[in-house]
Structures are given as structure tokens and as C-alpha cells.
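What follows is one structure encoded as C-alpha cells, with my remarks underneath.
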Amino acid sequence: MDLLDTLTAKGLRGEVPTREEALAVLATTDDELLDVVAAAGKVRRRWFGRRVKLNYLVNLKSGLCPEDCSYCSQRLGSKAEILKYTWLKPEQAADAARAGVAGGAKRVCLVASGRGPTDRDIDRVTDTMAAIKDADPEVEICVCLGLLSDNQAERLKAAGADAYNHNLNTSESTYGDIATTHTYADRVDTVQKAHGAGLSACSGLIAGMGESDEDLVDVVFALRELGSDSVPVNFLIPFEGTPLAQEWNLTPQRCLRILAMVRFVNPDTEVRIAGGREVHLRSMQPLGLHVANSIFLGDYLTSEGQAGQTDLDMIKDAGFEVEGAGEATLPRHRADIAAASGCGSTASGCGTSAAAPTASGCGSAASACGSGGGCGPCGGHGHAEPAPAAAVASDAAESTDGLRSDLVKVRRRGAGTELAPNA
């Protein structure tokens with residue numbers, strides 16, 4: 001196919017496709033799907049080899065958010081029966097982080113619900129980061145606290161944060177349809193504040209909210225222009241008790257095409273499969289690894305993911321390897337850009353941007369985080385009915401179009417319970 005040959009050639013050179021080419025990827029047929037994945041896989045391997053970066057979410061504060069984001073189980077007025085609790089103590093958060101790092105996670109993502117942090121909240125997160133770094137000085141930390149005020153990003157950077165996550169979620173033209181208590185411009189401003197303070201910028205999207213192909217392409221190109229080092233791709237799980245509860249619009253094939261489009265537009269950027277991969281990709285998750293180079297390990301914020309060991313087995317069985325703590329995530333030339341802006345670090349001994357990635361990788365160790373809290377889809381969503389036990393699935397009710405809503409599970413383990421994370 002001429003389209004895929006063109007996209008592959010551009011991706012291998014680190015060039016960005018046209019908007020029309022990106023739209024054409026989303027318009028490909030199921031008969032062409034494996035060709036699309038194979039083409040995107042060549043680009044992924046060019047810049048990231050067969051490495052998969054593991055990230056681990058720690059939910060510092062759950063629920064009770066004053067914002068009205070339609071997709072979020074923690075939103076104002078949400079009737080979703082999720083865990084709700086105020087700030088974890090630093091030692092509690094550090095214990096949760098250790099569980100993720102022990103499972104192979106390279107980056108810990110600290111997330112708290114809310115519009116944005118107070119100065120006292122910044123102090124809390126500073127204490128939490130110190131507790132985590134005391135246990136493992138090499139762990140990368142991404143913070144996700146919502147909208148930032150002046151000088152807060154600088155304080156987080158000085159306290160040891162490597163990255164800040166704040167997702168754009170959807171296109172500027174449709175943002176008002178999913179939230180009214182803040183604007184698309186507010187989100188852009190926070191990403192710019194984080195980047196300006198020298199934090200690695202992590203910003204992504206949510207697919208499946210009823211948006212058009214044009215909306216998806218618009219937000220992905222906007223993320224590219226913002227200079228996001230990491231692009232988490234979240235797939236909406238319609239959470240009972242939220243305004244988008246009936247939006248079951250995704251199939252595994254659609255998710256793979258979206259991931260491929262994101263990869264072609266961001267050939268040399270970390271692309272993460274974030275919230276909703278287990279529910280929407282299901283048995284086709286390993287194909288997603290051929291396109292994306294990063295996932296979350298185990299649970300999300302308000303919903304359960306696959307067991308951590310299942311994630312590790314999937315990576316190994318698909319012929320990939322977990323990215324080590326000493327390996328750099330981004331290609332060398334992206335690391336140089338990050339270093340010029342004051343964020344990230346460059347691994348020594350790497351090749352030039354034109355060289356193929358080595359087994360140990362090249363570039364900046366500071367990539368980015370994923371979804372959550374006031375800046376994402378809460379890292380995934382759950383069913384409104386709480387499970388009768390920690391890891392029991394919700395009622396096996398099929399949605400009206402036959403999609404597997406029975407796979408959605410509220411998080412009842414880890415923070416706020418007596419069970420270990422990913423029990």
C-alpha cells in the first residue's frame with residue numbers, strides 16, 4: 001500500500017506525516033489492519049527497539065474532585081462507587097511505589113484528584129517524593145496534580161520530579177463538550193508551565209468519547225506541537241454514574257488503528273497504552289506492543305488492570321523485553337532537545353539520531369507518565385457496582401452493541417484497602 005510505504009519511510013526518518021495521511025490511517029479497513037500494525041511496528045522498532053517501559057500509578061488522593069470532566073469517575077456529581085480517600089501518608093505511597101518497582105516499573109506516577117494543587121499539596125507531594133527516592137534513588141517520578149499555578153512546576157522540579165502529566169484529552173473544538181469547569185487553554189497552559197520548568201512533558205488523549213477522526217488527528221498533532229515527550233493513549237471505559245456511561249464506541253481494531261496513527265505522528269516519542277487497554281484491546285493487547293513502547297503495570301487509579309505478572313508474561317511472550325532502570329527511553333536527538341530545555345538526562349555512549357537503537361537504547365531517561373486524576377481519564381474506569389471481593393469481576397452484563405462491559409472492574413485493592421497493590 002502506497003500510504004503505508006510513505007508513512008513507514010517518513011517514520012524511519014523521524015518525519016511527521018500530513019494530516020491527510022494520518023486521517024487515512026484511521027480509515028483503513030480490517031483487512032488492512034495487520035499491514036498497518038506491521039508498518040507502525042517498523043517505526044517503533046527503529047526508535048525504541050523491542051523495549052517496553054513499565055510505569056506504575058500511585059493514587060495519592062481518590063475521588064471528590066470539583067471538576068466536571070464527563071469521562072471521569074471522580075468528577076463532581078459522580079455516582080460511581082469508587083474508593084474515596086484523602087491524601088496518603090508519604091510512607092504509604094512509598095510502600096505502594098516499591099511494589100511497582102519490584103515488579104519492574106521504571107517510573108512511578110503520583111496522581112491526586114482535584115482541580116489543581118495548593119501550596120500545601122505541593123509540600124505533601126515533595127515529602128512523598130523524598131520517601132520514594134530514599135528507598136530507590138534511581139526511580140523516575142512523574143507527578144499529576146491537575147492545573148498548575150505559577151512557580152508550582154518549578155517547586156516540583158526542585159523537589160526531584162522528573163515529569164509532569166496533564167492530558168489534552170480531545171481536540172480544542174470539542175473540549176467544551178466534555179468539561180465546563182476549565183478550558184482546553186487551561187490544559188495547554190499547564191503543559192507549557194511544566195515544560196518551561198524543565199519537567200518532561202507527558203500529555204495524551206482519550207479515545208472513544210464520541211469524537212470524530214478529525215478530532216483525534218487534531219489532538220495528536222496538537223500534542224506533537226506542544227513537545228510532549230510521552231503520549232499516553234487512553235481508551236474510554238464508560239463508567240456507570242458518569243455522563244459518558246453509554247459511550248461504547250471502540251473495538252480492538254479501532255484501538256489499534258488509533259495507536260498506529262499516534263505512532264506515525266510521533267515516530268520518536270514514547271507512546272503509552274494507558275487506561276482501558278484490557279477492556280478494549282483484550283486478547284489483541286500484544287499487537288499493541290508492536291506499536292506502543294510503554295504501558296502501565298497492573299492497576300490504574302479507580303479500576304483494576306491485569307495482574308502485574310500477566311503484563312510481564314505478555315511482554316515476554318510477544319518477544320519484547322522490559323526496559324531497565326539504567327536504560328534511556330527517548331532517542332538521542334530527543335534527549336538533546338530535552339536537555340536544551342533543562343529537562344531529562346542524556347545517556348552516555350549513545351549513537352547519533354540517525355543510528356538504529358541499540359539493545360540498551362539511547363536518549364533521555366526522563367520520559368513521562370500516563371493518565372489520571374485531574375489530568376486524565378482517572379487511569380481507567382470501573383463499573384458502578386462494587387465487587388463483592390477484592391478481585392472479583394463486576395456483573396457480566398453485555399452492552400447494547402455486544403462489547404465486553406463485563407471486563408470492567410472497580411479497584412478494590414491497594415490504596416485504601418488492606419490488600420497489597422495488584423493482589
Side-chain angles (χ1 to χ4, degrees), residues 57-86 109-117 143-148 165-171 174-184 186-187 190-191 202-211 215 219 232-250 274-280 296 299-305 369-386 394 405 408-412 415-416:
L57 286 164
V58 177
N59 198 5
L60 299 179
K61 181 168 73 79
S62 183
L64 309 174
C65 183
E67 302 301 288
D68 68 354
C69 306
S70 299
Y71 51 80
C72 186
S73 60
Q74 305 183 78
R75 74 187 297 273
L76 178 68
S78 171
K79 299 197 171 30
E81 297 183 16
I82 61 170
L83 290 170
K84 299 181 179 68
Y85 51 87
T86 190
C109 306
L110 302 177
V111 188
S113 63
R115 177 178 177 85
V143 182
C144 178
L145 306 175
L147 300 173
L148 291 175
N165 167 254
H166 198 68
N167 296 330
L168 296 188
N169 293 330
T170 192
S171 68
T174 60
Y175 194 84
D177 296 336
I178 64 168
T180 65
T181 49
H182 61 269
T183 66
Y184 179 91
D186 291 331
R187 289 187 173 268
T190 286
V191 176
C202 172
S203 190
L205 64 140
I206 311 171
M209 297 190 291
E211 70 283 336
D215 289 323
V219 68
V233 180
N234 300 276
F235 301 112
L236 175 75
I237 303 174
F239 207 137
E240 294 295 332
T242 68
L244 297 183
Q246 304 306 313
E247 294 287 342
W248 284 90
N249 301 311
L250 297 171
R277 68 174 163 92
E278 297 88 345
V279 175
H280 293 296
F296 283 105
D299 291 342
Y300 301 97
L301 298 179
T302 61
S303 72
E304 293 180 10
C369 182
S371 57
C375 48
C378 300
H381 310 266
H383 193 280
E385 294 298 323
S394 60
S405 59
V408 183
K409 306 173 190 177
V410 169
R411 181 168 181 166
R412 297 294 176 207

Main-chain N/O of [Y] paired to [X] side chain as donor or acceptor, under 3.5 Å:
X: Asp299; Y: Gly305; result: yes
X: Asn165; Y: Cys144; result: no
X: Ser70; Y: Leu244; result: no
X: Ser62; Y: Tyr85; result: no

Nearest heavy atoms of [X] and [Y], plus distance in Å:
X: Tyr175; Y: Leu168; value: CE1-O, 3.5 Å
X: Leu147; Y: His182; value: CD1-CB, 4.0 Å
X: Asn169; Y: Arg187; value: ND2-CZ, 3.4 Å
X: Met209; Y: Asn249; value: C-ND2, 4.1 Å
X: Thr183; Y: Asp186; value: N-OD2, 2.9 Å
X: His280; Y: Leu250; value: ND1-CB, 3.7 Å

Kindly indicate whether the side chain of Cys72, heavy atoms from C-beta on, has any atom under 4.5 Å from the side chain of Glu67. no
Is the shortest side-chain heavy-atom distance between Asn167 and Pro232 below 4.5 Å? yes
When rounded to the nearest 0.5 angstrom, what distance separates [atom1] in [X] from [atom2] in [Y]?
X: Lys84; Y: Cys65; atom1: NZ; atom2: SG; value: 12.0 Å
X: Gln74; Y: Asn59; atom1: CD; atom2: CG; value: 5.5 Å
X: Asp68; Y: Thr180; atom1: CG; atom2: OG1; value: 3.5 Å
X: Ile206; Y: Glu211; atom1: CD1; atom2: CD; value: 9.0 Å

Carefully, step by step, assess Leu57 and Phe296 under the rule side-chain contact (heavy atoms from CB on, under 4.5 Å). CA-CA 7 Å; Leu57 286 164; Phe296 283 105; 3.5 Å; yes
Scan side-chain atoms only and decide if Asp215 and Thr170 contain a donor-acceptor pair under the 3.5 Å cut-off. no
Whether the Asn234 and Tyr71 side chains hold a donor-acceptor pair (N or O, under 3.5 Å, no angle test) is what I'd like checked. no
Please determine whether side-chain contact (heavy atoms from CB on, under 4.5 Å) holds for the pair Leu205 and Val233, giving the CA-CA distance in whole Å, both sets of side-chain angles, and the decisive distance to 0.1 Å. CA-CA 5 Å; Leu205 64 140; Val233 180; 4.1 Å; yes
With side-chain contact (heavy atoms from CB on, under 4.5 Å) as the criterion, how do Ser113 and Lys61 come out once you've worked through the C-alpha distance, each side chain's angles and the decisive distance to 0.1 Å? CA-CA 6 Å; Ser113 63; Lys61 181 168 73 79; 3.6 Å; yes
